Number of protein chains: 2
Amino acid sequence: MPAVQTPTLRDVADAAGVHPATASRALNPGTRGLVNADTARRVMKVAETLGYRPNPIARGLKTAKSGTIGLVLPDLTNPMFPPIVRGIEAILEAAGYSGLIVNTDNDPHRERVHIETLRSRQVEGFIIATARLEHPLLEQLQREGVQMVMVNRRPEGLDLPSITPDDAVGVELSVRHLAELGHRRIVHLAGPDNTSTGVARARAFRNAVRDLGLEHDPALVASCSHWSEEAGAEALRGMLDAGTDFTAVVAGNDLIALGCYDVFAERGLQCPGDVSVVGFNDMPFLDKLRPPLTTVSVPHQQIGAEAARLLLEAIADPSRPARSVLLPLTLKVRGSTAPPAA
Amino acid sequence: MPAVQTPTLRDVADAAGVHPATASRALNPGTRGLVNADTARRVMKVAETLGYRPNPIARGLKTAKSGTIGLVLPDLTNPMFPPIVRGIEAILEAAGYSGLIVNTDNDPHRERVHIETLRSRQVEGFIIATARLEHPLLEQLQREGVQMVMVNRRPEGLDLPSITPDDAVGVELSVRHLAELGHRRIVHLAGPDNTSTGVARARAFRNAVRDLGLEHDPALVASCSHWSEEAGAEALRGMLDAGTDFTAVVAGNDLIALGCYDVFAERGLQCPGDVSVVGFNDMPFLDKLRPPLTTVSVPHQQIGAEAARLLLEAIADPSRPARSVLLPLTLKVRGSTAPPAA
DNA sequence: TCGGGTGCTGCAATCGAATGCACGCACGGC
DNA sequence: GCCGTGCGTGCATTCGATTGCAGCACCCGA
């Protein structure tokens with residue numbers, strides 16, 4: 001059993017012939033100035049050759065910092081999130097932090113429990129992607145001075161830093177694209193109206209329709225109960241069953257748009273011949289669909305990276321005021337949109 | 001600044017009128033028997049009302065256990081991994097553990113650095129999904145007594161516990177399905193031949209072809225350089241350019257199959273009219289493709305869960321011998337397979 | 001020559017929980 | 001009535017790194 005114990009600060013200090021305290025100071029860039037330059041060099045060299053790695057647990061105990069961040073997601077298997085996570089981790093990693101991921105499945109109870117657990121693990125802050133409009137838990141955290149950054153969604157009434165796509169611009173790009181193709185009666189299958197994103201996109205839709213002088217008819221807007229294919233399909237079926245007349249659909253997100261594809265197949269509708277569809281998010285493999293889905297492309301990785309940066313800033317200087325970022329979007333025109341049938 | 005410090009073991013002990021040591025014992029199921037049942041109850045009640053949460057950092061310092069596991073993945077944005085991760089986290093969570101995820105991008109250097117970092121964070125074990133065939137790093141870890149479980153891939157020559165889909169069965173299901181449809185000349189676009197999965201599936205393909213009495217021609221097998229659409233497309237183009245004659249393709253995985261779709265579009269081939277294709281993995285949204293992809297369905301979440309269970313077992317009892325699990329697979333027949341054109 | 005810096009290093013306490021050891025007390029047996 | 005036994009509890013140390021404070025040596029100016 002060779003099992004070479006990883007060297008501790010003591011070992012380094014002994015090998016360098018100094019006191020552990022001195023070794024500690026020499027090894028930490030912030031305090032290195034306190035020790036003689038030669039000594040510092042010597043300690044660092046010894047640490048290097050011994051392969052010394054500070055034990056973050058011990059350090060965390062004293063400094064009350066864990067070097068970890070909590071990532072609170074609804075569901076990692078939603079293809080929107082992995083790129084965000086990668087963006088986050090890229091930044092955290094460079095700063096010596098790690099991210100702890102939890103999935104809430106949008107269940108407030110699970111969310112509460114998970115956040116509690118993460119707090120007991122001494123995370124230094126949260127990146128949260130689950131904001132419902134009502135969010136007492138977040139308010140409470142904020143009151144307790146917990147650092148957090150919202151991604152992708154934004155709670156109302158709370159002054160929290162957030163990184164979100166510019167929903168209004170995205171929706172407007174979609175509507176304008178359809179209007180330019182000649183569509184006049186456009187449906188919006190909105191996201192759940194208890195999510196900030198759902199409401200924001202629906203509002204943007206109404207504005208765009210008005211600004212572009214298209215027909216605006218409340219019957220052309222429906223809310224889906226979830227951000228899912230099933231909910232999207234259900235909403236579209238309701239619309240068709242009600243006999244609503246339209247030639248294009250702006251879906252709240254890509255999954256809702258995929259639900260529309262299912263309904264088209266059920267009802268024998270051609271896309272884009274009979275109906276055009278635009279999604280939102282540009283999740284992977286949409287170009288492989290038939291037809292390839294026209295959608296709003298969101299820079300997910302960049303969103304994650306910005307969020308991580310913001311959080312690290314906030315941790316470094318908690319007094320700095322909250323800042324929010326809206327990221328610009330682009331429309332990816334593919335095969336699911338075409339001029340309406342004459 | 002109310003900022004109520006979270007209570008420590010001391011606070012609980014004081015409030016309960018006992019020594020911290022007693023409180024510690026009362027609160028830990030393992031040592032609870034050492035203290036008077038009444039005292040234990042009282043301490044637990046006090047802990048409850050104070051909202052006491054043991055600080056895992058402090059505990060970890062003393063016990064050299066961190067309650068964390070390292071998850072080493074090639075790339076979280078590969079849709080295969082999120083379900084695995086969820087399966088893992090479900091089990092870890094129940095056991096009070098958390099998972100720390102890192103992405104290696106299949107870069108041995110990044111992998112080494114990440115594993116090093118995770119070790120310094122005192123993870124108690126690893127779940128690793130990046131096994132190349134050659135894997136000196138894993139050997140070294142094993143020698144050092146680090147607990148680990150492989151998922152989805154399996155290194156050769158190392159006696160490590162692993163959870164993998166039963167590749168041989170999956171490939172055989174695919175080949176048999178095609179054979180039953182009447183295909184005789186079937187191509188295999190294998191995964192990279194430096195991955196255990198790539199080799200295993202290729203071997204299974206050759207066996208299945210032999211067992212079913214189909215034509216076996218070395219020209220019908222090609223290895224892709226990566227598990228990606230581009231590599232799949234490239235391999236198929238090579239096959240077509242060489243003038244090889246075939247009516248069906250068994251792809252090493254779904255992405256490779258998607259690459260085939262791209263080539264079909266380029267070359268004006270109909271699927272499944274001219275060529276049938278079978279994928280492997282059943283990643284999300286394949287049913288939305290045109291045609292929907294026939295593929296081998298892999299229980300990813302279950303793979304993750306099993307891996308986590310195995311690792312926790314190994315941590316609890318390191319002397320237990322390594323155990324590996326092959327999970328059964330099923331074929332999801334969709335629209336990309338049909339009898340060959342007469 | 002002596003006082004006051006200054007620069008560097010060591011000492012010791014600390015973070016929060018776990019744990020080996022020892023002590024105290026009650027009780028039972030003789 | 002005394003001693004042994006054992007249960008329950010407290011004391012003190014430990015994990016590894018950080019940090020306030022003290023001390024030492026040396027230098028400079030007065």
Side-chain angles (χ1 to χ4, degrees), chain A residues 3-44 46-47 50-68 96 119-124, chain B residues 3-44 46-47 50-68 96 119-124:
Chain A
V4 213
Q5 201 66 312
T6 80
T8 78
L9 186 59
R10 262 198 86 89
D11 300 327
V12 174
D14 288 351
V18 297
H19 192 272
T22 306
S24 169
R25 286 186 276 251
L27 260 13
N28 280 64
T31 48
R32 186 167 305 149
L34 296 177
V35 345
N36 181 293
D38 285 342
T39 316
R41 249 195 304 281
R42 182 157 42 92
V43 171
M44 289 165 65
V46 171
L50 288 188
Y52 169 73
R53 293 232 162 242
N55 179 331
I57 302 220
R59 168 178 297 170
L61 184 56
K62 178 66 176 175
T63 61
K65 309 201 166 218
S66 60
T68 56
R119 291 190 68 188
S120 82
R121 278 193 185 271
Q122 314 293 121
V123 299
E124 295 180 43
Chain B
V4 214
Q5 201 64 315
T6 80
T8 78
L9 186 60
R10 263 198 85 88
D11 300 327
V12 175
D14 289 352
V18 297
H19 192 272
T22 305
S24 169
R25 286 186 274 251
L27 261 13
N28 280 64
T31 49
R32 187 166 305 148
L34 297 175
V35 346
N36 180 293
D38 286 342
T39 317
R41 251 195 303 281
R42 181 157 43 94
V43 171
M44 289 165 68
V46 170
L50 288 187
Y52 169 73
R53 293 231 164 245
N55 180 332
I57 305 226
R59 168 178 299 172
L61 183 55
K62 178 65 177 171
T63 61
K65 308 201 166 220
S66 59
T68 57
R119 291 190 68 187
S120 82
R121 278 191 184 274
Q122 314 292 124
V123 299
E124 295 179 44

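Only a predicted model underlies this, so the values are computations on that prediction, with no experimental measurement involved.
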(message) What is the distance, to the nearest angstrom, from the CG atom on Leu61(B) to the P atom on dC15(D)?
(response) 9 Å
(request) Output the distance between atom CG (Asp14(B)) and atom NE2 (His19(B)), rounded to the nearest 0.5 Å. (result) 9.5 Å
(request) Calculate, to the nearest 0.5 Å, the distance between atoms CG and CZ belonging to Leu61(A) and Arg59(B) respectively. (result) 13.0 Å
(request) Encode nucleotides 7-14 of chain C as B, S and - characters from 5' to 3', where the letter depends on protein heavy atoms closer than 4.0 Å: B to the base, S only to sugar-phosphate, - to neither. (result) -SBBBB-B
(request) Decide yes or no on side-chain contact (heavy atoms from CB on, under 4.5 Å) for Val35(A) and Val18(A), but give the supporting numbers first. (result) CA-CA 11 Å; Val35(A) 345; Val18(A) 297; over 6 Å; no
(request) Please round to 10 degrees the angle between the axis of the first five pairs and the axis of the last five pairs in the helix from dT1(C)-dA30(D) to dC30(C)-dG1(D). (result) 60°
(message) Check whether Asn28(B) reaches the backbone of Thr31(B) with its side chain - one donor and one acceptor, N or O, closer than 3.5 Å.
(response) no
(request) Could you grab the distance from atom CD1 of Ile57(A) to atom OG of Ser120(B), nearest 0.5 Å is fine? (result) 9.5 Å
(request) Can you tell me the distance, in whole Å, between the CG atom of Leu9(A) and the P atom of dT18(D)? (result) 7 Å
(request) Give, for atom CD of Glu124(A) and atom CZ of Arg119(A), the distance between the pair rounded to the nearest 0.5 Å. (result) 13.5 Å
(request) Starting at atom CD of Gln122(B), determine the distance to atom C1' of dA17(C), rounded to an integer number of angstrom. (result) 16 Å
(message) Looking at dG16(C), I'd like to know if its phosphate oxygens (OP1 or OP2) sit under 4.0 Å from a side-chain N or O belonging to Arg59(B).
(response) no
(request) Return no unless some side-chain N or O of Ser24(A) is found under 4.0 Å from OP1 or OP2 of dT18(D). (result) yes
(request) Provide, to the nearest angstrom, the distance between the CZ atom belonging to Arg121(B) and the C1' atom belonging to dG16(D). (result) 16 Å
(message) Please check: side-chain N/O of Arg32(B) versus main-chain N/O of Arg25(B), any donor-acceptor pairing under 3.5 Å?
(response) no
(request) Measure the distance from CG on Asp11(B) to P on dG16(C) and round it to the nearest whole Å. (result) 9 Å
(request) Would you mind reading off the distance between Arg10(B) atom CZ and dA18(C) atom P, rounded to a whole angstrom? (result) 15 Å
(message) Rounded to whole Å, how long is the line connecting atom CD1 of Ile57(A) with atom C1' of dA17(C)?
(response) 13 Å
(message) Does dA18(C) have its OP1 or OP2 closer than 4.0 Å to a side-chain nitrogen or oxygen of Asn28(B)?
(response) yes
(message) For the CG atom of Asp11(A) and the OG1 atom of Thr6(A), what is their distance to the nearest 0.5 Å?
(response) 8.5 Å
(request) Could you pull out the closest heavy-atom pair between Val12(B) and Val46(B), with the gap in Å? (result) O-CG1, 3.9 Å
